[in-house]
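Below is one structure, written out as structure tokens; the observations come after it.
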Amino acid sequence: MHSTARSRQPMAAAASRDDSDHDSSCSSFSTALDSRRSWISDVSFGSSSSISVRSYCGANGGDGAGHHQQQLLKPHKANQAEWEAIRRLRAASGHVRLDHFRIVRRLGSGDLGNVYLCQLRDPRSPGCLYAMKVVDREALAFRKKLQRAETEKEILRSLDHPFLPTLYADFDAAHYSCLVMEFCPGGDLHVVRQRQPGRRFSICSAKFYAAETLLALEYLHMMGVVYRDLKPENVLVRDDGHIMLSDFDLSLKCDVVPKLMMQRLSSRLAAKNAKGSISSCVPPMQPVLSCFYGGGGGSNANKCDKRAKTEDDDDDDADDQVLDPELVAEPFAARSKSFVGTHEYLAPEVISGAGHGSAVDWWALGVFLYEMIYGRTPFKGEDNEKTLINIIKQPLGFPKAAAAAGKELEELSRAQDLICKLLVKNPRKRIGSMKGSAEIKKHEFFKGVNWALIRSVRPPEVPRDSRRGRSRTPAVAQKLSKAARDEPYHIDYF
Ligand SMILES: Nc1ncnc2c1ncn2[C@@H]1O[C@H](COP(=O)(O)OP(=O)(O)OP(=O)(O)O)[C@@H](O)[C@H]1O
């Protein structure tokens with residue numbers, strides 16, 4: 001259905017994506033737009049107490065002391081070469097500036113600006129590569145999209161998670177704003193999928209990518225960010241094969257108040273948990289998802305099934321229940337009427353304009369999982385308008401299973417069950433809408449996923465250079481001659 005990666009490039013024109021407030025009625029849909037393109041027509045609402053965009057520094061930012069502190073506090077990046085190189089630079093020059101970098105090539109273009117691969121001119125940091133997003137503030141102000149760029153910057157500054165981008169530095173140069181982030185050499189999941197047999201991921205690969213994406217969304221929700229633009233094109237692959245969710249210009253930032261939710265638990269299980277014995281299918285220090293390695297998983301899974309059944313049986317015994325508190329940090333109060341996202345991934349409540357919150361990300365996770373497994377999105381119509389009608393009206397269906405059998409078939413039916421629960425049209429009845437990610441993580445499809453150690457799992461695919469143990473640095477960037485290091489930079493390069 002989506003023949004090539006090219007056909008899914010965002011279109012250049014984006015009349016409907018701006019910061020202006022707009023009634024989110026269906027009449028504003030442009031059916032000519034690429035259905036894979038993200039866009040926004042924004043009316044945010046809600047009680048002012050529930051939505052507040054926090055400002056981390058002055059409007060024009062710059063790599064100054066204002067948010068220095070914030071950029072130094074990235075525990076996940078401790079000892080990482082790229083991070084250390086930027087820290088050294090800051091210590092030596094006080095600021096990070098455009099002329100500290102050499103642009104290697106353009107990585108891509110988005111609605112807001114261009115992204116370049118670049119490297120530091122500092123000879124002490126050979127091979128440190130970065131992705132620099134450059135936006136022309138004057139042009140954006142003219143197109144009324146400056147606020148989106150500011151929101152993206154603000155969100156990026158606040159992130160520190162292995163599956164989300166690290167903002168190493170941000171600064172202004174003339175009327176350009178530059179964001180220096182991690183470079184992902186593995187491309188995006190849309191492109192990666194095109195390379196798979198039948199242009200579909202295996203269930204195990206889909207499970208891996210969905211699990212990491214779920215963790216990224218969980219963290220974002222905990223930070224009060226509703227992502228609103230999940231699609232394979234926005235899931236980039238790092239040099240180690242793990243994912244990085246990118247592109248936050250459509251995200252909604254709001255306050256989140258963590259809640260203690262009480263869940264019913266059998267007294268036996270509660271006692272077990274209290275002793276530190278956590279119910280899990282995978283032994284605590286086993287950094288694998290069994291299905292990625294074939295062997296060994298089956299027996300584990302069987303045991304797990306049996307244990308789960310025993311616990312379920314316990315749960316059925318109402319006299320034997322205790323209440324177990326569970327911390328849920330989900331931006332339940334977030335509400336927006338923006339018509340925002342990518343057509344094929346829009347949740348029904350976005351289309352109806354009834355107002356939406358964080359449940360839109362769980363809907364999008366369902367579409368994402370569906371597309372990874374079946375190679376197409378579930379409600380795609382002949383044009384954008386038909387796609388939107390299908391999302392609202394068409395019941396969810398699955399293509400006939402191809403040659404799946406045995407364990408693969410079992411996994412497929414678990415995946416289908418999760419997709420059904422994520423693609424519930426009523427957001428209040430959708431999985432995740434009551435207890436956030438915790439509810440989804442417990443679904444049978446993710447049985448065996450060691451959430452805490454998924455970072456140590458070998459991903460389904462690792463970008464070629466790193467797998468061979470070579471530097472992932474492209475040849476062009478590996479050795480920077482003195483002349484290249486010192487060559488003047490031209491702001492009109494952009
Ligand atoms: N950190 C990165 N590493 C490698 N490539 C990147 C990185 N960030 C972005 N890119 C590439 O640059 C392109 C443009 O990125 P950007 O975040 O501006 O946009 P986008 O998703 O296309 O934009 P939008 O949806 O906002 O129009 C992406 O499609 C991706 O291919």
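Note: hydrogens, waters and symmetry copies are ignored here, and every other heavy atom, side chains too, is used. Just follow the structure's listing: the first ligand is 1, and inside any ligand the first atom is 1.
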Pairing of Arg238 and Glu212 as salt bridge, 4.0 angstrom limit: no
Is the shortest side-chain N to carboxylate O distance from Arg157 to Glu154 below 4.0 Å?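 Here Arg157 does not pair with Glu154 in a salt bridge, since their nearest N and O are not under 4.0 Å apart.
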[X]: heavy atom below 4.0 Å from ligand 1, yes or no?
| X | result |
| --- | --- |
| Met244 | yes |
| Asp188 | no |
| Leu107 | yes |
| Lys133 | yes |

Is Gly113 in polar range of ligand 1, meaning some N or O pair under 3.5 Å apart?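 N/O-N/O distance below 3.5 Å does not exist for this pair.
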Sub-3.5 Å N/O-N/O distance, Asp247 and ligand 1: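 Yes.
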Ligand 1 atoms in contact with [X] (distance to a heavy atom under 4.0 Å):
| X | value |
| --- | --- |
| Ser109 | 13 (C), 14 (C), 22 (O) |
| Asp249 | 26 (O) |
| Gly110 | 14 (C), 18 (O), 19 (O), 20 (P), 22 (O), 23 (O), 27 (O) |
| Ala131 | 1 (N), 2 (C), 3 (N) |
| Asn234 | 21 (O) |
| Gly108 | 12 (O), 13 (C), 14 (C) |

Would you call Val237 and Cys184 a side-chain contact if the rule is heavy atoms closer than 4.5 Å? no
Taking C-beta and beyond as the side chain, do Pro232 and Glu371 meet within less than 4.5 Å on heavy atoms? yes
Let me know which of Phe379, Tyr370, Tyr345 forms a ring-ring contact (aromatic ring centres under 6.0 Å, His included) with Trp363. Phe379
Which residues pass the salt bridge (Lys or Arg N to Asp or Glu O under 4.0 Å) test with Arg124, not counting sequence neighbours?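 Here the qualifying residues are Asp122.
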If you measure from [atom1] on [X] to [atom2] on [Y], what distance do you get to the nearest 0.5 Å?
| X | Y | atom1 | atom2 | answer |
| --- | --- | --- | --- | --- |
| Tyr227 | His221 | OH | NE2 | 11.0 Å |
| Thr151 | Leu156 | OG1 | CG | 10.5 Å |
| Phe368 | Asn234 | CZ | CG | 10.0 Å |

Counting heavy atoms only, which of Leu112, Asp239, Val115, Val135 is nearest atom 12 (O) of ligand 1? Val115
Just let me know how Asp111 lines up against ligand 1, side chain, backbone, both or neither, with a heavy-atom cut-off below 4.0 Å.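 The answer is both.
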